[in-house]
Q: 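Quick one: the structure is below, and I'll ask about it shortly.
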Amino acid sequence: MSTKSMKVGEKIAAIQTAMMKKMRRVSPFSIAMSTPMLGYQVIFFLIPVCYIFLLSLYRVEFFATVPAFTAENWIHIWSQDYFWSAFGYSVLIGTVTAILSSVISLPIALYLGLSQSFLWRFLCLGIVIAPFFTNFVIRAHTWRGILGESGPINTLIRYVGGQSIQLVDSLVGTIIGTLSLSLPLVLLLQTLSISAVDRTLISAGLNLNARPVQAIFHIILPAARVGLALGFAFSFVLSFGDFISPTIIGASRPPVLSTLLVEQIRGGNHWPRASVVAVSMFTFLFTLVLATILWAYKEPGGEKK
Amino acid sequence: MDKDRSSRTEVNITPVSTDGDTPAGPTRRNFLKGAIATGIAASVGPWPLTYARGTEQSLTWLAYPGHATEEVVGAFQKEFGVEIKSQEFSAGERMLALINSSPPGTFDLVMAGTPYINILAQQGMLEPLNASDYPMEDFYKEFREWPGLSLKGTPYSIPTTWGYNGLAYNSDLYTQEDMDSYSIMWDERLVGRLGMRDWYLPVMGVFSAYQGNKNPYDISDSELDAVVDSMNEVAGSVTGFYGFSGVFSALADGTAHVIPGCGDWITGLLQRDGHPIRSFAPKEGAISWMESNSIVGKSQNKKLAKDFIRYLSSPEGQIRTIVKSSYMAAGVNRKAWERLNEEMPKEAEMVSMKLDSYNILDMLREGRIKYRTLPKQQSMQVWQEAYSRFQKPT
């Protein structure tokens, strides 16, 4: 490299360092820019979570919630076998849905993300997010109709001489519901992250005689790791806490944490115990998502991006 | 009552009429006054309830969903020139929480299942009623003496509509004779076809009745264990646990062939849509539910509230409530029965109110329908938790 070019490089590096320092400095401008976000987080996240936690320490007397400072709701719920059973099934549904939605979306996301035609990609993504324009309760009822005893699948099976299979009121039905909920989001996140991968890296790999499969696994997927991990995490979050699929399609077979939460309110108006379930769910999900994000933003060498 | 109805409608907001002396144009003083008034209103309590508070032209009714609709209350609103505003709730426990946590006078009337009404009467929240103010002489005797309507001989509530929770079944696959006993739930044909409601009270009530308990909700710990054991015996046949809408779809699409803890209030609507779904009270006894109306003690509109209950008790109000589109129910007024049989014989059949055949009143008189109460010897949470364990896969 020539001396002249080194000087230019040094200059650019110096400018970048100065900009970073400036950005890190707390200025009135930066405070003004971050205040709405901070306010949003405080109002819509921190205060409700603190309130729910506080509620979990309250008592119920004569169907009314009264202020108290007791851990008995926590001890009670955490010592119930049905709580841990529901927790296990929620984790199972979340994990299976996240894996399936990530695996199913990936080929489509690769195709769309690497597509040269912006218009085609835009059109396909529009179709992908189209289900979001309908209410999920309606979609769940529709799925129940499709998968049910008199739905097209079982009708076809019976028509060809088979015996109908139970797809609704089961774990399978619930997972189909959670998949339909999270699949569009995972596909969107994966497509956007893959389309943002630097094409020169892919070209360089192919020029060095990498096969397409090698390019996918050694260049594209590592480079798009953040989006892929976020897609997995969001899919887990959505399906772990979903109430609609387990009740409408799965008919609480098996019961999960979200259904257990509602039961606490219906059986004696016990909002404090419902709050224990809610805070437990939130804490678990928050830890999981935080760990996923930290892993996703970590460079292979151990440095954070 | 123990029906699970989760829908909830918004409370109507009626603009408060302004004083005639108030200047029409907006001034800074008026703006400040308005801002202060808004601030005070906001701090008084939950907004919807503040707005829903009764005025001379309106009645605020704490009721189950589907009652404060035009089809039910429209005639009363027109005749009396008032507006019925409703705050809806899905379960009796929620009603108790709502009324206990709202400022006095928020509600003029409350409609709920009699066990919950009785709790309110014990709390001193209800206005004692004079039975002669209501057309009780037109009621069948059974409903004048229904348990829970009075406290120490003083009436606090007027019954409106009722029904039972027994067995709902697919009449193309099973006969009424099959439903003569809850033992049908152990039938081999029902493996994987036995539905359950996701609400513990009606289901555990019918299993308790099956165990031979005279009062299904007043049982000892060992009797409760026996109830849970019998539930666990059929756990392997259970296809799913359904909420209100789930019961409809599971019966309609054939996923479930029999569901305990259901009655005409569900199957009537399915029959209306042409589904071969019926309900029956087995010989061991179905569980009743009774909706009754009471005037809240702190109401400022007691006279109007009385007129409204009179309307709901009249043949006109009764028929409108019986055939309403949210769910069907049987009536308590003899004249309403007669009119329904004359004018709407199909609907009368759907809710087992046919006068010329075996009907819901006959079931009650034969002891096939048992009175519903809350769990007496254990807390509701104990029953709820037993049901949660029953739902847990083994």
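Reminder, nothing fancy here: chain letters follow the sequence lines and each chain counts from 1.
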Q: Between B/R389 and A/Q80, is the side chain to side chain donor-acceptor pair (under 3.5 Å) condition met? List the steps.
A: CA-CA 9 Å; B/R389 284 195 192 89; A/Q80 300 303 319; 2.5 Å; yes
Q: Is the number of heavy atoms from other residues, nucleotides or ligands within 6.0 Å of CH2 (B/W186) greater than 12?
A: yes
Q: When rounded to the nearest 0.5 angstrom, what is the spacing between CH2 in A/W271 and CZ in B/R94?
A: 5.5 Å
Q: Got a sec: does the CZ of A/F132 have more than 12 other heavy atoms crowding it under 6.0 Å?
A: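 More than 12 within 6.0 Å, yes.
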Q: So for B/A252, is it side chain, backbone, both, or neither that comes closer than 4.5 Å to the heavy atoms of chain A?
A: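 Contact with chain A involves no heavy atom of B/A252 at all.
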Q: Does some side-chain heavy atom of A/S85 sit less than 4.5 Å from a side-chain heavy atom of B/P393?
A: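 They are in side-chain contact.
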Q: Just so I know, are the side chains of B/E385 and A/Y82 near enough to count as touching, which here means a heavy-atom distance under 4.5 Å?
A: yes
Q: Any donor-acceptor pair under 3.5 Å linking the side-chain atoms of A/E149 with those of B/H257?
A: no
Q: Taking every heavy-atom pair that is under 4.5 Å apart, which of A/P255, A/G250, A/S164, A/P254 has the most such pairs with chain B?
A: A/P255
Q: Which atoms of A/Y89 are under 4.5 Å from chain B, going by heavy atoms: the side chain, the backbone, both sets, or neither?
A: side chain
Q: As an exercise: rank B/T255, B/I119, B/L374 by heavy-atom pairs under 4.5 Å with chain A and give me the winner.
A: B/T255
Q: For residues 42-61 of chain A, dump all side-chain donor-acceptor pairs below 3.5 Å to protein atoms at least two apart in sequence or in another chain.
A:
unit_1 : atom_1 : unit_2 : atom_2 : d
A/S56  : OG     : A/F53  : O      : 2.5
A/S56  : OG     : A/W74  : NE1    : 2.9

Q: After noting the C-alpha distance and the side-chain angles of B/R193 and A/Q166, does the key distance pass the side-chain contact (heavy atoms from CB on, under 4.5 Å) rule?
A: CA-CA 10 Å; B/R193 295 291 176 200; A/Q166 183 158 6; 5.9 Å; no
Q: Please output the residues of residues 229-236 of chain B in contact with chain A, using a heavy-atom cutoff of under 4.5 Å, in numerical order.
A: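 If one takes a 4.5 Å heavy-atom cut-off, the residues of residues 229-236 of chain B near chain A are B/A235.
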Q: Indicate yes or no: at least one non-hydrogen side-chain atom of A/R253 is less than 4.5 angstrom from one of B/T239.
A: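 A/R253 vs B/T239: side chains apart.
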Q: Considering only heavy atoms and a distance below 4.5 Å, find which of A/H141, A/R273, A/Q264, A/R144 pairs most often with chain B.
A: A/R144
Q: If we ignore angles and hydrogens, is there a donor and acceptor under 3.5 Å between the side chains of A/S252 and B/D198?
A: no
Q: Between A/S150 and B/D253, is the side chain to side chain donor-acceptor pair (under 3.5 Å) condition met? List the steps.
A: CA-CA 6 Å; A/S150 48; B/D253 68 19; 5.4 Å; no
Q: Can you tell me if A/F234 has over 12 outside heavy atoms packed within less than 6.0 Å of its CZ?
A: no
Q: Could you state the interatomic distance from CD1 (A/I265) to CD (B/E93), rounded to the nearest 0.5 Å?
A: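 Taking CD1 in A/I265 and CD in B/E93, the distance rounds to 11.5 Å.
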Q: For the residue pair A/D169 and B/Y242, establish whether any side-chain heavy-atom pair is separated by less than 4.5 Å.
A: yes
